[in-house]
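Throughout, a chain's letter reflects where its sequence line sits, starting with A, and its residues are numbered from 1.
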Amino acid sequence: MVAPAKRKRARLRRLARAELPVDAEDLAHFLIGKYLVRDDEHGRASGRIVENETYHQDDPAAHTHRGETPRNRSMFLERGHAYVYFIYGMWYAVNITADVRGVGAGVLLRALVPCDGVALMQSRRGSVRLTDLARGPGRLTTALAIDRRLDGTDLTRRGPLWLATDDSRAPPIGVTTRIGLRKEAHRPLRFFSRAPDDLPYVSGPRAALAGSRVLL
DNA sequence: CGGCTGATGATCT
DNA sequence: GATCATCAGCCGG
């Protein structure tokens with residue numbers, strides 16, 4: 001049994017594009033501990049990012065590897081935009097774009113620690129344990145009501161979906177291999193918060209976390 | 001916890 | 001027509 005981390009309600013500040021690292025891997029590290037905030041007519045739902053993966057255009061596993069198509073075109077936007085895609089006939093997943101305009105790179109968000117709007121997220125997901133609410137790329141988009149209509153959203157602007165920080169110190173970060181890939185499965189491009197309170201919210205096999213390298 | 005499987009449809013070849 | 005950057009439910013240990 002794991003008690004939710006007790007932290008006072010974070011005061012969130014919108015992140016500016018200038019604060020976001022350009023390089024996709026640097027951006028992935030930077031985003032661990034930051035917040036994704038969803039505002040709609042039902043209210044606010046937000047979560048702290050505790051797991052993500054990097055995809056760069058030069059990586060055969062990336063959607064953008066073969067160039068721009070109607071589906072992936074938002075991945076080629078300047079850093080700090082949303083790339084939302086539909087997968088396995090049932091789920092959406094969201095990336096935060098990286099690199100400069102014209103390069104197809106980004107960071108897949110894989111898990112959040114629920115912050116604001118827990119009841120709202122539970123109503124969207126069905127009542128589930130706090131640690132299961134937004135653990136996994138398809139679950140977190142369901143919890144935050146993210147679909148293709150949010151594809152291309154500028155996350156550094158006021159709007160339905162944006163990035164924030166509480167200006168606290170970044171948690172320790174671990175690195176391991178990405179999940180669900182056939183190609184390039186060995187690359188160490190999955191990042192997660194090693195803070196003990198955060199680990200129950202990180203997706204994937206527990207053994208992979210235990211055997212992972214310490215990045216920071 | 002780990003392993004397996006069916007569901008389900010857009011996208012690209 | 002094959003391929004998915006997945007999930008829930010079920011099984012066994």
*Represent DNA chain B in dot-bracket notation, 5' to 3'. Only Watson-Crick or G-U wobble pairs with both distances under 3.5 Å count; pseudoknot-style crossings use [ ] and interstrand partners use |.*
|||||||.||||.
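- One interatomic measurement links the two molecules: CZ of A:Phe86 to P of B:dA7, which rounds to 16 Å at whole-angstrom precision.
- A salt bridge is absent between A:Arg187 and A:Glu53: the closest approach of a Lys/Arg side-chain nitrogen to an acidic carboxylate oxygen does not fall below 4.0 angstrom.
- We find that A:Arg158 and A:Asp39 are not joined by a salt bridge, their nearest charged nitrogen and carboxylate oxygen being 4.0 Å or further apart.
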*Give the B/S/- string for nucleotides 3-8 of chain C, one per nucleotide from 5' to 3', where a protein heavy atom under 4.0 Å of the base yields B, of only the sugar-phosphate yields S, and otherwise -.*
-BBBSS
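- By the rule that hydrophobic residues join a cluster once side-chain heavy atoms approach within less than 4.5 Å of another member, A:Val84 and A:Tyr55 end up as members of separate clusters.
- Not a single donor-acceptor pair under 3.5 Å links the side chain of A:Arg44 to the backbone N or O of A:Arg38.
- Of the residues in residues 206-215 of chain A, none has a non-hydrogen atom less than 4.0 angstrom from any atom of DNA chain C.
- A salt bridge links A:Asp198 and A:Arg48; the closest N-O separation between the charged side-chain nitrogens and carboxylate oxygens is under 4.0 Å.
- Straight-line distance from the CG atom of A:Asn72 to the P atom of B:dT13: 10 Å, rounded to whole Å.
- Ring orientation note: the planes of A:Tyr83 and A:His63 are nearly perpendicular, at an angle over 60° on the 30°/60° scale.
- In the model, A:Tyr35 has a side-chain atom that pairs as donor or acceptor with a side-chain atom of A:Asp166 under 3.5 Å.
- Between A:Asp23 and A:Arg79 no salt bridge is recorded (no basic side-chain N to carboxylate O distance below 4.0 Å).
- The pair A:Asp154-A:Arg14 does not count as a salt bridge, with every side-chain nitrogen at least 4.0 angstrom from each carboxylate oxygen.
- Atom CZ of A:Arg157 has 12 or fewer heavy atoms from other residues, nucleotides or ligands within 6.0 Å.
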